[in-house]
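Working notes, structure below.
What you see below is based on every heavy atom in this structure, not just the backbone, and it leaves out hydrogens, waters and symmetry mates. We're numbering straight along the sequence, starting at 1. Both counts, for ligands and for their atoms, begin at 1 and track the order of listing.
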Amino acid sequence: MVLFLYLFLLCLTAGFIHVHAQIQTGYISIDCGSQENFNYVDLDTGISYTSDGSFVTTGVNKNISLEYAYPNSPNLPQPLSDLRSFPQGNKNCYTLRPNGGKTSLNLIRATFMYGNYDGENKLPEFDLYLGVNLWLSIKFKNSSDVITTEIISVALEDTYSVCLVNVGLGIPFISGLELRPLDGSIYKTDPEISGSLVLFQRLDIGYTNGSGRYSDDIYDRIWSTYNSPSWDSLHTSLDIDISGDSYRAPNEVMQTGSTPKNGTEYLEFSWSVSDPKARFYIYLYFADLVVLGRNQTREFNVSWNEVQLFGNVRPRAYYASTFYNLRPLVGNKHKISIMKSANANVPPMLNAIEIYRVLEFSENATFSRDVDAVVNIRTTYKINRNWVGDPCGPKKYSWEGIICNYTNSNPPQIILLNLSASDLTGQIAASIANLSSLETLDLSNNSLTGPIPDFLENLTVLKSLDLRGNQLSGYVPKSLLERSRTGLLKLSVDSRNLCDSGSCQSNKKKILIPILASLLPFLVVLLLLIIFWRAKRKQKASKTSSNEEGRTIESNNKQFTYAEVANMTNNFQTPIGKGGFGTVYLGTLKNGKQAAVKLLSSSSSQGYNEFQNEAELLMRVHHKNLAAFVGYSHDNNRMALVYEYMANGNLKSYISDRNTHPLSWEMRLKIAIDAAQGLEYLHHGCRPAIIHRDVKSANILLSENLDAKIADFGLSKGLPDDKTTHILTDVIGTTGYLDPEYHRSHNLTEKSDVYSFGIVLLELITGQPAIIKSMDHIHIMQYVGQYLEKGEITSVIDEQMRDDLNLNSVCKAIEISVACTRAMSIQRMTMGEVKRVFGDGNGPWTE
Ligand SMILES: *[C@@H]1O[C@H](CO)[C@@H](O)[C@H](O)[C@H]1NC(C)=O
Ligand SMILES: *[C@@H]1O[C@H](CO)[C@@H](O)[C@H](O)[C@H]1NC(C)=O
Ligand SMILES: *[C@@H]1O[C@H](CO)[C@@H](O)[C@H](O)[C@H]1NC(C)=O
Ligand SMILES: *[C@@H]1O[C@H](CO)[C@@H](O)[C@H](O)[C@H]1NC(C)=O
Ligand SMILES: *[C@@H]1O[C@H](CO)[C@@H](O)[C@H](O)[C@H]1NC(C)=O
Ligand SMILES: *[C@@H]1O[C@H](CO)[C@@H](O)[C@H](O)[C@H]1NC(C)=O
Ligand SMILES: *[C@@H]1O[C@H](CO)[C@@H](O)[C@H](O)[C@H]1NC(C)=O
Ligand SMILES: *[C@@H]1O[C@H](CO)[C@@H](O)[C@H](O)[C@H]1NC(C)=O
Ligand SMILES: *[C@@H]1O[C@H](CO)[C@@H](O)[C@H](O)[C@H]1NC(C)=O
Ligand SMILES: *[C@@H]1O[C@H](CO)[C@@H](O)[C@H](O)[C@H]1NC(C)=O
Ligand SMILES: *[C@@H]1O[C@H](CO)[C@@H](O)[C@H](O)[C@H]1NC(C)=O
Ligand SMILES: *[C@@H]1O[C@H](CO)[C@@H](O)[C@H](O)[C@H]1NC(C)=O
């Protein structure tokens with residue numbers, strides 16, 4: 001009964017009812033806000049509507065308030081009785097996939113009616129976008145005001161995004177959304193203008209009985225009626241042939257038209273807009289509705305603002321044709337006149353007109369490769385964010401966690417992707433590597449697993465990478481670490497991805513040290529020595545504990561201000577050392593522990609970022625034989641490094657200072673082993689290897705118990721020059737310790753550190769510095785060599801310990817130092833081999 005009444009009223013008011021629906025091929029007709037999976041045929045129009053379904057993933061369904069709904073508002077089209085509102089997020093989008101795909105031409109229509117659906121009685125204002133371009137700002141006059149807007153647009157991608165943007169003036173919503181495929185040859189615009197056409201007016205001239213959509217309008221345009229009081233309407237009941245005109249205005253529209261009341265006058269209409277740069281296209285539909293006599297001529301000219309557009313138009317009887325301007329009509333005032341020409345004796349006429357305003361593309365859509373990549377990321381990780389529409393546009397409404405670079409000449413590109421704490425699982429998605437402009441990537445605090453992939457190296461402009469707080473395995477790719485070292489990349493990773501935990505015990509297999517023929521003279525000497533050792537066997541060296549490596553407890557390392565550094569050192573009161581890039585002061589940390597504060601000279605060539613990256617990275621490297629790095633300061637161009645305090649200073653001073661307790665061979669051996677373990681960790685425990693570049697006795701620090709720790713690792717690059725460190729082009733190191741092969745080739749490898757370590761070992765054995773000033777600045781290798789050649793092995797041994805030592809052990813150490821300092825780096829031992837030889841508890845050391 002109710003339905004019947006409804007139908008009856010509809011018939012009465014709308015004037016017609018369509019029993020036969022159009023062939024709705026390619027139509028998308030969404031009744032936004034209708035119940036899920038509710039599909040129906042609208043009895044008024046015959047159009048099949050579907051619910052929001054797969055077109056949108058966000059928003060909530062609402063019904064308009066009863067006051068505006070049926071039966072209080074019997075004329076209300078059914079799609080307007082409900083709507084979908086979007087209380088969440090700035091931008092929500094429908095995705096429409098036209099049948100014709102990319103480059104197809106389509107008409108899209110959006111309809112809005114507030115109807116006090118939220119009971120607030122407050123009209124919202126919001127923006128409607130097609131892709132990244134503002135289509136219309138929606139402003140209602142009242143709660144029953146129906147806003148309908150249409151746009152004709154070429155699909156730039158496979159899909160259209162119709163987006164509702166919250167501009168802070170109320171929650172956006174939409175009542176209906178429709179897409180109609182068009183013949184690609186119509187509604188052409190000047191190819192130089194990139195943009196779409198927004199409907200301004202579509203008038204069915206001369207018809208006064210109602211308005212509507214017609215079942216034979218294959219494009220489902222909605223025509224409004226218009227007739228001026230000074231016009232006479234024409235009407236025919238005969239069919240109009242529209243087959244020759246691809247604009248395909250429906251028969252009902254073409255069957256009516258108007259002529260001026262006074263047979264001699266002209267038809268004229270005008271409109272104005274506020275924007276003087278507004279551009280318009282008009283489409284005029286003509287078909288004569290009477291058969292003229294032999295002596296009759298209907299001919300007219302069409303002009304715009306007194307400029308002729310089309311001349312001598314003669315409409316054929318019952319045959320439709322469409323006239324349109326090829327170049328846009330620009331201005332804020334527009335007047336179209338249809339004027340009888342000189343030959344005519346019958347007044348001009350017009351059947352229908354469409355006026356479209358050009359919506360210029362104000363923004364470019366995001367670079368398509370970036371879109372593909374980020375859409376792939378969205379799918380891969382099932383990102384639970386409002387990631388809809390274009391990732392970068394419209395400008396103020398890029399996706400949450402994405403920042404783009406907008407340039408005037410190019411499509412925007414993604415430069416920041418922040419997926420921190422987003423519950424990501426699985427591996428790092430390969431499509432990230434396709435974001436070629438990415439500068440910042442934050443994937444921290446997720447549950448990502450698998451290796452740190454090499455393809456991250458493809459992100460060549462990456463400036464910041466944060467992978468902390470994941471379960472990633474493996475090591476940071478070499479080139480990323482290298483970029484981090486040179487200050488190009490701020491790298492934040494878990495320490496596990498930089499170095500081994502440091503506790504894994506190497507396999508027990510003995511590695512044979514290849515002693516090569518090039519060392520024959522030494523071998524002879526050593527052979528003789530073996531006999532000598534056998535005789536002196538009674539001495540015993542005590543065991544060195546070398547198998548309890550491990551990470552120190554992660555200290556609370558951080559960045560300090562200069563004021564904190566000053567405070568910590570009591571205004572740099574107690575200098576405890578000098579050299580190595582600056583003065584070292586004694587300091588006290590907040591936890592009461594003592595610290596060594598190295599104040600670097602301000603003439604640094606190293607940039608802030610470079611310094612900071614390096615420092616942050618090194619704070620993550622922990623080993624008991626590496627000086628623990630507490631923090632750093634880079635404030636007002638004053639750089640300071642804060643290390644754990646080492647009571648016994650550095651090895652160089654300790655050896656050279658003849659007043660301290662002389663070091664026994666056992667102690668020296670332990671120092672050598674400690675240093676070897678520290679270096680081995682840098683070379684083989686960290687991936688890629690950290691090359692120290694400046695191994696020397698001055699960089700080996702001694703604790704209260706004479707445990708040795710390597711200091712300044714990784715920091716030597718680019719640090720200011722001091723008297724002992726030379727930076728020759730890109731060769732870094734200290735005279736006396738510098739690998740001659742590296743010096744020649746500039747090709748840095750771990751073996752350069754091995755060379756320097758060999759020199760340190762000789763210092764420990766001989767008690768001489770690397771360059772012996774008192775002997776005409778000869779090099780320690782020369783010094784040792786001259787004795788060994790003569791077989792005077794005991795002469796090279798530091799006289800401070802000559803009386804009490806295991807000569808066997810010293811000889812083995814000499815052997816190692818020789819194997820470390822060979823001219824060709826390929827023939828040198830690795831630190832791993834050195835460590836194994838030292839670390840073998842059954843070696844000559846303990847006999
Ligand atoms: C809207 O009204 C229909 C009945 O007309 C009802 O089934 C539906 O649940 C309502 N929707 C909402 C969101 O209230
Ligand atoms: C609402 O606004 C529309 C458009 O201006 C107007 O036609 C209609 O009469 C108004 N309705 C009410 C109830 O004010
Ligand atoms: C408009 O309606 C009137 C009366 O209902 C009718 O006489 C007239 O023919 C109609 N005009 C057209 C063009 O259908
Ligand atoms: C019709 O046009 C003629 C010539 O332009 C004019 O003299 C006459 O007054 C017009 N009549 C009406 C009713 O406008
Ligand atoms: C056209 O010719 C008919 C006769 O064939 C005549 O009645 C009519 O007045 C003519 N009309 C014009 C405008 O000359
Ligand atoms: C109509 O257009 C034709 C062709 O462009 C032109 O020759 C003629 O002068 C125009 N007539 C009027 C009245 O403007
Ligand atoms: C869009 O990009 C093209 C080049 O791809 C450029 O010529 C045009 O100016 C850009 N448009 C905007 C609005 O940035
Ligand atoms: C944005 O892109 C332009 C052109 O590619 C580039 O010059 C500029 O540095 C970029 N800006 C940022 C912040 O990356
Ligand atoms: C990423 O977002 C989180 C919070 O959402 C923020 O703490 C972090 O600083 C952001 N990272 C970057 C690189 O902007
Ligand atoms: C990266 O982009 C290229 C070209 O657009 C595409 O062929 C490739 O599949 C993309 N790679 C990933 C992992 O998405
Ligand atoms: C990541 O986790 C750490 C430790 O739980 C926390 O301090 C930090 O705030 C988190 N960051 C984000 C962006 O959630
Ligand atoms: C990274 O770049 C290399 C070399 O340019 C290329 O072979 C590889 O396919 C790229 N990887 C990805 C995931 O794009």
Side-chain angles (χ1 to χ4, degrees), residues 102 156-158 260 263-268 284 286 297-315 323 325-327 335-350 363-383 387 391-393 395-396 398 402-419 424 426-443 448 450-465 477 483 488-490 609:
K102 202 168 168 171
L156 299 174
E157 298 298 332
D158 292 337
T264 59
E265 283 192 43
Y266 43 81
L267 292 166
E268 195 171 82
L284 301 168
F286 300 109
T297 307
R298 197 193 300 278
E299 189 182 83
F300 46 85
N301 291 356
V302 179
S303 59
W304 164 75
N305 292 354
E306 320 304 336
V307 178
Q308 185 167 310
L309 290 179
F310 320 112
N312 300 339
V313 179
R314 285 185 184 207
F323 285 75
N325 52 312
L326 294 170
R327 314 208 122 234
K335 187 180 77 180
I336 301 292
S337 313
I338 304 177
M339 220 180 310
K340 207 169 97 172
S341 74
N343 308 329
N345 50 16
V346 177
M349 67 172 300
L350 176 66
E363 281 184 35
N364 274 326
T366 306
F367 183 52
S368 63
R369 219 168 99 112
D370 282 15
V371 177
D372 293 345
V374 83
V375 163
N376 189 305
I377 291 164
R378 179 179 66 189
T379 319
T380 307
Y381 294 125
K382 301 185 177 64
I383 303 243
W387 275 18
C392 295
K395 235 174 221 178
K396 278 182 292 179
S398 61
I402 282 182
I403 293 178
C404 305
N405 181 0
Y406 304 92
T407 54
N408 292 327
S409 49
N410 294 310
Q413 286 197 265
I414 295 172
I415 56 171
L416 176 145
L417 176 61
N418 188 348
L419 289 173
L424 310 187
Q427 305 212 347
I428 295 179
S431 29
I432 287 177
N434 267 358
L435 296 171
S436 52
S437 295
L438 202 63
E439 294 174 7
T440 306
L441 176 61
D442 189 344
L443 298 174
L448 293 169
I452 298 177
D454 284 344
F455 60 68
L456 291 177
E457 295 178 340
N458 288 27
L459 300 171
T460 49
V461 293
L462 197 65
K463 295 194 176 91
S464 168
L465 174 65
R483 271 158 62 193
L488 293 172
L489 173 68
K490 179 175 174 357
N609 283 342

With rounding to the nearest 0.5 angstrom, report the [atom1] to [atom2] distance, [X] to [Y].
X    : Y    : atom1 : atom2 : answer
N345 : T297 : CG    : OG1   : 4.5 Å
L438 : I402 : CG    : CD1   : 9.5 Å
L448 : I428 : CG    : CD1   : 5.5 Å
N405 : D370 : CG    : CG    : 10.5 Å

Taking the side chain as every heavy atom from C-beta outward, state whether N434 and N376 have any atom pair closer than 4.5 Å.
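N434 vs N376: side chains apart.
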Contact atoms of ligand 10, heavy-atom distance to A430 under 4.0 Å
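What qualifies from ligand 10 is 13 (C).
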Charged N-O contact under 4.0 Å between E457 and R483
no
Main-chain N/O of V371 paired with T366 side-chain donor or acceptor, under 3.5 Å
no
Has N301 got a side-chain atom pairing as donor or acceptor with N312's backbone, closer than 3.5 angstrom?
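Looks like yes, one N/O pair under 3.5 Å.
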Enumerated ligand 6 atoms positioned under 4.0 Å from heavy atoms of G311
2 (O)
Distance-only N or O hit between ligand 10 and R369, under 3.5 Å
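For ligand 10, there is an N or O atom that lies under 3.5 Å from one belonging to R369.
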Is any N or O atom of N434, backbone or side chain, closer than 3.5 Å to an N or O atom of ligand 10?
yes
Does Q308 reach ligand 6 with a nitrogen or oxygen that is under 3.5 Å from one of the ligand's nitrogen or oxygen atoms?
yes
Output yes when the distance from some N or O of ligand 6 to some N or O of N301 is under 3.5 Å, and no in every other case.
yes
Could you give the N/O to N/O pairs under 3.5 Å linking ligand 8 and the protein, each with its distance?
{"residue": "ligand 8", "atom": "2 (O)", "partner": "N405", "partner atom": "ND2", "Å": "2.2"}
{"residue": "ligand 8", "atom": "11 (N)", "partner": "N405", "partner atom": "ND2", "Å": "2.8"}
{"residue": "ligand 8", "atom": "14 (O)", "partner": "N405", "partner atom": "ND2", "Å": "3.4"}
{"residue": "ligand 8", "atom": "14 (O)", "partner": "E439", "partner atom": "OE2", "Å": "2.6"}

Mind telling me whether F300 and F286 have parallel, tilted or perpendicular rings, with 30° and 60° as the class edges?
tilted
